[in-house]
Amino acid sequence: MDKLAKASNTIEIIKKYNFTFQKRYGQNFLIDTHVMGKIMDAAGLTCDDYVIEIGPGIGSMTQYLCERAGKVTAVEIDKDLIPILNETLMGYDNVSIINEDILKLDLNEIIMKDNNGKPAKVVANLPYYITTPIIMGLLEGHVPVSSITVMVQKEVADRMQAGPGSKDYGALSLAVNYYSSPHIAANVPPNCFIPRPNVGSAVINLDVYDTPKVMVRDEELMFKLIRAAFNQRRKTLANSISGAMTLDYSKQEVAKGIAALSLPENVRGEALTLEQFALLSDRLSSGRND
Ligand code: SAM
């Protein structure tokens, strides 16, 4: 089937339906077949895969997904796109379209119904205004997904992949690394989209672990410590944690925990690995129970 992702085909559909792009829905359609191929390769799809696509738009990426995967569920918020999708995807019998807000949908239930609860792969050119809630919702919500391959803002991809000591390293890097192994598969310039976004983009693949990368006694406490550490990046870790409204540790208690990890007392959060945050969390929680 001729590819909708060719600029001329996308423009033809948009004109035919008199479609108006909605900025509030982050509508920047991908018009580059080469980039589509790269996304498919990064997702490593086979005919055994069940794919969830978030925001199919006019169905350009959905076409590729239908051709490579066994079954596709595409979730689109904009009701004006539904009649377009019904036409552009008419030739495929392995796709279902849901007109819903992805943030309000119970994906666990959909995966249970459509794939007997077996892990899905998520593939999407995401609406950038809700990238973090979508990804964190999938990971923290323990939705059964084996991988997430998505186009995101370049800066967000860099933050997800960053390691200790880099300027991009932060709470998002640690959360993503706790649940998955991230890998940037391609950088994508604004001229690959219509309309052109104001920012650069990147395709990132998150290979989701069966169990989180590190063992920690109190996951909630560890993420509170992480958020506190990066809320005020310029402060020392001891000051950030002891000063956090969400936590109740004295500076002495935190200093003791930091010393037990053989870290300098003036260390900043940005120097700690995920494993070290987990150890600190275990130390602080056991200190309380002694
Ligand atoms: N997949 C298409 C492509 O690659 O050309 C369109 C990608 S466009 C960046 C993002 C899509 O997500 C749009 O179709 C938009 O309407 C849809 N969208 C925005 N917010 C959404 C939400 N909360 N739930 C589901 N879809 C959403």
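Read the numbers this way: they start at 1 and go in the same order the structure lists the ligands and their atoms.
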Undergrad: Check this for me - ligand 1, G57, N or O atoms closer than 3.5 angstrom, yes or no?
TA: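 The answer is yes, given that G57 and ligand 1 share an N or O pair closer than 3.5 Å.
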
Undergrad: Any atoms of ligand 1 less than 4.0 Å from a non-hydrogen atom of I102? List them with their elements.
TA: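 So the atoms of ligand 1 that pass are 22 (C), 23 (N), 24 (N), 25 (C).
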
Undergrad: With a 4.0 Å heavy-atom cut-off (strictly under), which part of Y129 contacts ligand 1: side chain, backbone, both or neither?
TA: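 Side chain only; the backbone of Y129 stays clear of ligand 1.
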
Undergrad: Of the listed options (R24, E76, Q27), which comes nearest to atom 14 (O) of ligand 1 when hydrogens are ignored and any heavy atom counts?
TA: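 Among R24, E76, Q27, the closest heavy atom to atom 14 (O) of ligand 1 belongs to E76.
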
Undergrad: Among protein heavy atoms, which lies nearest atom 5 (O) of ligand 1, and at what distance?
TA: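 The protein heavy atom lying closest is L30 N, 2.9 Å.
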
Undergrad: Would you mind checking which non-hydrogen protein atom is closest to atom 21 (C) of ligand 1, with the distance to 0.1 Å?
TA: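 Nearest neighbour among protein heavy atoms for atom 21 (C) of ligand 1, to 0.1 Å: I77 CG2, 3.5 Å.
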
Undergrad: Do the side-chain N and O atoms of Q22 and D78 include a donor-acceptor pair separated by under 3.5 angstrom?
TA: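 Their side chains do not contain a donor-acceptor pair, so the 3.5 Å distance test is not met.
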
Undergrad: Within ligand 1, which atoms have a heavy atom of G26 less than 4.0 Å away?
TA: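 The list of qualifying atoms is 8 (S), 9 (C), 10 (C).
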
Undergrad: Show me which atoms of ligand 1 lie under 4.0 Å from any heavy atom of L126.
TA: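 With L126 as reference, the close atoms of ligand 1 come out as 9 (C).
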
Undergrad: Pairs of nitrogen or oxygen atoms closer than 3.5 Å, one from N125 and one from ligand 1: do any exist?
TA: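 The answer is yes, given that N125 and ligand 1 share an N or O pair closer than 3.5 Å.
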
Undergrad: Rounded to the nearest 0.5 Å, how far apart are CG of D114 and CD1 of I52?
TA: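 If I round to the nearest 0.5 Å, the distance is 8.0 Å.
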
Undergrad: Taking only residues at least two apart or on different chains, which pairs with a member in residues 111-158 satisfy ring pair (Phe, Tyr, Trp, His ring centres under 6.0 Å)?
TA: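 Those involving residues 111-158 are H142-Y179.
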
Undergrad: Is any side-chain heavy atom of N115 less than 4.5 Å from a side-chain heavy atom of T73?
TA: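 Answer no - side chains too far apart.
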
Undergrad: Please say whether more than 12 non-hydrogen atoms of neighbouring residues, nucleotides or ligands are located less than 6.0 Å from CD in E12.
TA: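 Not more than 12 within 6.0 Å, no.
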
Undergrad: For ligand 1, which atoms, with element, lie under 4.0 Å from some heavy atom of L81?
TA: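 In order of number, 14 (O).
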
Undergrad: Checking the N or O distance criterion of under 3.5 Å, is ligand 1 in contact with P127?
TA: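 No; the residue has no nitrogen or oxygen that sits under 3.5 Å from a nitrogen or oxygen of the ligand.
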
Undergrad: Which protein heavy atom lies closest to atom 19 (C) of ligand 1, and at what distance to 0.1 Å?
TA: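 Nearest protein contact, heavy atoms only, for atom 19 (C) of ligand 1 is Y25 O, 3.1 Å.
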
Undergrad: Can you see which heavy atom on F193 is nearest to which on N28, and at what distance?
TA: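 Shortest heavy-atom contact: CD2-O, 3.6 Å.
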
Undergrad: Can you tell which part of I130 has a heavy atom less than 4.0 Å from ligand 1: side chain, backbone, both or neither?
TA: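 Just the side chain.
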
Undergrad: Relative to the heavy atoms of D101, which atoms of ligand 1 are at a distance of less than 4.0 Å?
TA: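 Every atom of ligand 1 under 4.0 Å from some heavy atom of D101: 22 (C), 23 (N), 24 (N).
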
Undergrad: Taking the six-membered ring for Trp, are the ring centroids of Y169 and F230 within less than 6.0 Å of each other?
TA: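 Yes - the distance between ring centres of Y169 and F230 falls below the 6.0 Å cut-off.
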
Undergrad: Heavy atoms, side chains only, cut-off 4.5 Å: are S242 and S250 in contact?
TA: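 SC-SC contact between S242 and S250 ruled out.
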
Undergrad: Check each atom of ligand 1 against the heavy atoms of E100 and keep those under 4.0 Å away; list them by number with element.
TA: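 Counting atoms of ligand 1 from 1, those under 4.0 Å from E100 are 24 (N), 25 (C).
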
Undergrad: We want to know whether E53 and T62 form a side-chain donor-acceptor pair, criterion being a heavy-atom distance below 3.5 angstrom.
TA: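 Indeed, the side chains of E53 and T62 share at least one donor-acceptor pair under 3.5 Å.
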
Undergrad: Under 4.0 Å from a heavy atom of E53: which atoms of ligand 1 are those, numbered in the order shown and with their elements?
TA: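 Those atoms are 1 (N).
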
Undergrad: Which pairs count as side chain to side chain donor-acceptor pair (under 3.5 Å) when at least one residue sits in residues 202-213, sequence neighbours excluded?
TA: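 Checked against side chain to side chain donor-acceptor pair (under 3.5 Å) - neighbours excluded - the pairs reaching residues 202-213 are T149-N205.
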
Undergrad: Would you check whether L103 reaches within less than 4.0 Å of ligand 1, judged by its heavy atoms?
TA: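 Not so, L103 does not reach ligand 1.
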
Undergrad: With rounding to the nearest 0.5 angstrom, report the OH to CG distance, Y249 to L280.
TA: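 It comes to 9.0 Å.
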
Undergrad: Hey, what do you get for CG (D101) to CD1 (I54), rounding to the nearest 0.5 Å?
TA: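 If we round to the nearest 0.5 Å, D101:CG and I54:CD1 are 10.5 Å apart.
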
Undergrad: Counting heavy atoms only, name the option from G55, A124, C192, P197 that's nearest to atom 11 (C) of ligand 1.
TA: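 Residue with the shortest heavy-atom distance to the ligand atom: G55.
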
Undergrad: Counting from 1, what ligand 1 atoms have a heavy atom of P56 closer than 4.0 Å?
TA: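 So the answer, numbered in order with elements, is 1 (N), 2 (C).
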
